[in-house]
Amino acid sequence: MIVAVDGPSGAGKSTVCREVARRLQWRLLDTGAIYRCVALRARLANVVDEPAKCAEIAKDIDIRFVASAEGQRVFIGDEDVSEAIRTFETTQCVNRVSAMGEVRAQLLNIQRRLGALGDTIVEGRDIGSVVFPDAELKVFYTATPEARARRRLAEFEKRGESFNFEQVVEQIRLRDETEFHREHSPLVQCDEAVVLDTSAFDFEASCVALQKLIEARKAELSLV
Ligand code: DC
């Protein structure tokens with residue numbers, strides 16, 4: 001069974017999907033990590049603004065997800081890039097690289113191959129619309145910009161950093177604009193997707209809500 005979970009950045013989708021996959025003993029496919037791997041390689045090769053070269057990287061890249069005690073590690077070949085793909089520098093490049101149609105086309109097969117290995121939660125932006133249009137369950141996981149900003153500020157505070165709430169809300173709105181309106185594979189809410197608005201939920205409630213949707217769909221399918 002494939003569960004496609006799409007939604008905007010910063011709603012906590014990744015952490016919740018990871019936890020629910022762990023509880024269900026399912027696989028998790030974090031497609032953002034795949035785009036981040038390409039962005040990392042493109043950045044190191046200094047070709048972030050060259051679509052043909054980025055597509056070449058995407059075509060040949062050997063990405064593996066390896067289960068570990070604290071979650072999943074991401075490898076390119078034999079190199080553990082789990083931290084490198086999440087640095088500020090790589091994060092700044094990934095928007096540009098993931099907006100390239102050539103790169104997205106190259107990454108389709110990798111995503112489909114990695115998603116076909118068993119019961120899997122696949123999370124991203126275009127999973128239900130493009131990558132797995134036949135997914136047994138599609139979820140649009142979201143939260144208001146204000147709720148997302150509050151979560152982000154709580155993280156900043158834990159690290160002893162402080163930010164202005166209005167500014168963070170504004171940044172989130174701008175990023176949504178880009179993701180919803182880019183030319184290739186914009187973030188779309190499929191008609192058949194179940195909307196999971198987690199604005200009023202904490203982490204545990206968000207996990208339970210997603211898990212219930214999956215279990216209900218699974219029960220429905222076993223009755224057919
Ligand atoms: O979920 P994330 O922040 O790790 O995603 C990293 C980037 O990749 C972000 O710019 C959105 C993009 N992305 C995408 O375009 N399509 C996907 N299926 C997953 C992520």
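When a ligand or atom number is given, it counts from 1 through the structure's own listing order.
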Open item on the list: If you measure every N or O of Asp126 against every N or O of ligand 1, does any of those distances drop under 3.5 Å?
Closed with: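 Asp126 vs ligand 1: N/O contact under 3.5 Å present.
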Task: Polar contact flag for Thr31 and ligand 1 (N/O pairs, less than 3.5 Å) - done: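 So ligand 1 has an N or O lying under 3.5 Å from an N or O of Thr31.
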Task: Pair Arg148-Ser199, side-chain hydrogen bond (donor to acceptor under 3.5 Å, both in side chains): steps then yes or no - done: CA-CA 8 Å; Arg148 285 186 272 156; Ser199 304; over 6 Å; no
To the nearest 0.1 Å, how far is [atom] from its closest protein heavy atom, and which atom is that?
{"atom": "atom 10 (O) of ligand 1", "value": "Asn95 OD1, 2.8 Å"}
{"atom": "atom 20 (C) of ligand 1", "value": "Gly32 CA, 3.6 Å"}
{"atom": "atom 7 (C) of ligand 1", "value": "Val94 CG2, 3.6 Å"}
{"atom": "atom 9 (C) of ligand 1", "value": "Arg125 NH2, 3.9 Å"}
{"atom": "atom 8 (O) of ligand 1", "value": "Tyr35 CB, 3.7 Å"}
{"atom": "atom 12 (C) of ligand 1", "value": "Ser98 OG, 3.6 Å"}
{"atom": "atom 6 (C) of ligand 1", "value": "Arg36 NE, 3.7 Å"}

TODO: Could you verify whether a donor N or O on one side chain and an acceptor N or O on the other, from Thr31 and Arg125, lie under 3.5 Å apart?
DONE: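 No, no side-chain donor-acceptor pair sits under 3.5 Å.
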TODO: Scan side-chain atoms only and decide if Arg73 and Ser68 contain a donor-acceptor pair under the 3.5 Å cut-off.
DONE: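 Arg73 vs Ser68: no donor-acceptor pair found between side chains.
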Donor-acceptor check, side chain of [X] to backbone of [Y], threshold 3.5 angstrom: yes or no?
{"X": "Arg182", "Y": "Ser185", "answer": "yes"}
{"X": "Asp80", "Y": "Phe75", "answer": "no"}
{"X": "Thr198", "Y": "Phe201", "answer": "no"}

Task: Heavy-atom side-chain contact between Val66 and Gln72 under 4.5 Å - done: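 They are not in contact (no side-chain heavy atoms under 4.5 Å apart), so the answer is no.
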Open item on the list: Can you check which of Met100, Arg104, Arg96 brings a heavy atom nearest to atom 15 (O) of ligand 1?
Closed with: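 Minimum heavy-atom distance to atom 15 (O) of ligand 1 goes to Arg104.
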Task: Lys212 and its side chain to side chain contact (heavy atoms under 4.5 Å, CB included) partner, picked from Ile214, Val208, Leu210 - done: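 Of the listed options, the one satisfying the test is Val208.
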- [ ] Report yes or no: does Arg182 have a heavy atom closer than 4.0 Å to ligand 1?
- [x]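 Heavy atoms of Arg182 do come under 4.0 Å of ligand 1.
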